[in-house]
There are 2 protein chains.
Amino acid sequence: MRYIENPYDCPVTRAMSIFGGKWKPIILNCIGESSLRFGKLNQLMPAISNKVLSNELKELETLGLIERKEFKERSQRVEYTLSDSGKSLMPVLHEIANWGNSNQAKKIVTEMVK
Amino acid sequence: MRYIENPYDCPVTRAMSIFGGKWKPIILNCIGESSLRFGKLNQLMPAISNKVLSNELKELETLGLIERKEFKERSQRVEYTLSDSGKSLMPVLHEIANWGNSNQAKKIVTEMVK
DNA sequence: CGGAATCCGCCAAGATACTG
DNA sequence: CAGTATCTTGGCGGATTCCG
């Protein structure tokens with residue numbers, strides 16, 4: 001290993017630069033196998049502003065991790081699902097969520113919050 | 001699910017707030033099963049400034065994910081290893097690195113860089 | 001309903017220089 | 001060698017308002 005020349009030679013850097021950040025993993029995990037509307041996502045997730053959610057969704061779409069489907073009805077309706085690329089992330093997200101549910105993680109967080 | 005009241009009720013939020021961020025996963029993955037000195041870490045990792053590396057290591061130690069051992073010799077020597085908590089993260093890190101090595105990830109990154 | 005457009009504060013992160 | 005000490009800055013993220 002020697003990633004100095006190009007940071008992206010590091011697999012973890014590569015992965016985290018794609019789905020890392022404060023909101024992306026949460027969004028991806030929330031969508032999961034289902035198909036969610038903008039408003040529904042907003043409800044399911046920890047507090048996130050419209051703008052940020054909107055931006056993140058756009059980025060995720062550009063990255064090819066999610067797909068946006070717009071239904072032309074009287075009241076505008078949009079649904080987000082994981083693309084195949086996005087689905088390939090599910091094992092990773094599960095592993096993360098799984099660890100997040102461990103007592104280890106819970107204990108550390110309660111210490112952090114103090 | 002409804003994490004609005006308390007964000008930390010979301011397992012992914014919990015996990016990422018612990019080992020997420022730009023550098024923490026990379027550092028943890030670099031250390032892995034081995035025992036690394038400060039300078040060695042600096043070499044192995046993508047370019048990171050002294051200050052940031054120092055800060056991150058301190059935080060990781062506070063979180064209880066790594067252990068710092070100082071050897072009193074003529075030239076000062078410090079080694080960092082994963083604690084048991086830190087080791088419990090290895091499957092997660094492996095999954096992340098693994099995905100980072102996938103063609104999916106590599107392709108996305110090359111698109112991003114453009 | 002699902003955003004877009006502004007405006008803005010703040011702090012993570014970097015550059016650089018220095019030290020026990 | 002393994003860090004501090006300072007100073008500086010980009011851009012992430014939030015609040016609010018407006019729109020088709």
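So that the names make sense, note that chain A is the first sequence line, chain B the second, and so on, each numbered from 1. Side-chain atoms are counted along with the backbone in the values below, which use heavy atoms only and exclude waters and symmetry mates. Keep in mind it's a predicted model, so treat the numbers as computed, not measured.
Following rounding to the nearest Å, L36(A) (CG) and dG3(C) (P) show an atom-to-atom distance of 13 Å. Rounded to whole Å, atom C1' of dC12(D) lies 10 Å from atom CD of E59(A). At whole-Å resolution of the value, CD1 in I48(B) and C1' in dA2(D) are 14 Å apart. Rounded to a whole Å, the CD atom of E70(A) is 10 Å from the P atom of dA4(C). When the C1' atom of dC7(C) is taken as reference, atom CG of N55(A) falls 14 Å away, rounded to whole Å. For the pair E79(A) CD and dG3(C) P, the computed distance is 11 Å after rounding to whole Å. One interatomic measurement links the two molecules: CG of L57(A) to C1' of dG3(C), which rounds to 10 Å at whole-angstrom precision. Note: NZ (K40(A)) to P (dG2(C)) measures 12 Å, nearest angstrom.
R14(B) and N101(A) form a side-chain donor-acceptor contact under 3.5 Å, judged by distance and modelled atom types alone. At a cut-off of 3.5 Å, with distance as the only test, a side-chain donor of S85(A) or Q104(B) sits close to an acceptor on the other residue. A donor-acceptor pair shorter than 3.5 Å can be found between the side chains of S35(B) and E79(B).
For the pair S54(B) and dT4(D), the criterion of a side-chain N or O lying under 4.0 Å from OP1 or OP2 is met. Phosphate contact (OP1/OP2 of dG3(D), side-chain N/O of R77(B), threshold under 4.0 Å): absent. Phosphate proximity of dG3(D) to K58(B): absent, as no side-chain N or O sits under 4.0 Å from OP1 or OP2. Under 4.0 angstrom from either OP1 or OP2 of dG3(D) there lies no side-chain N or O belonging to R37(B). Taking side-chain N and O atoms only, K22(A) has a distance below 4.0 Å to OP1 or OP2 of dG14(D).
Ranking dA13(C), dG3(D), dG20(C) by closeness to the Q76(B) side chain, first place goes to dG20(C). Comparing dG3(D), dA15(C), dG3(C) by their closest approach to the side chain of N50(A) singles out dG3(C). Closest approach to the V78(A) side chain among dG3(C), dA2(D), dA13(C) is made by dG3(C) (side chain taken as heavy atoms from C-beta onward). In this structure, the nucleotide among dG13(D), dA2(D), dA13(C) sitting nearest to the side chain of E56(B) is dA13(C).
Taking the ring centre of F71(A) as origin, the terminal cationic atom of R77(A) falls inside the region bounded by 6.0 Å and 45° from the ring axis.
Donor-acceptor pairing under 3.5 Å, judged by distance alone, is absent between the side chain of K51(B) and the base of dG3(D).
As judged by a 4.0 angstrom heavy-atom cut-off over every strand, Y80(B) is placed among residues touching the sugar-phosphate backbone only.
Here the CG-CG distance, from L57(B) to L36(B), works out to 10.0 Å after rounding to the nearest 0.5 Å.
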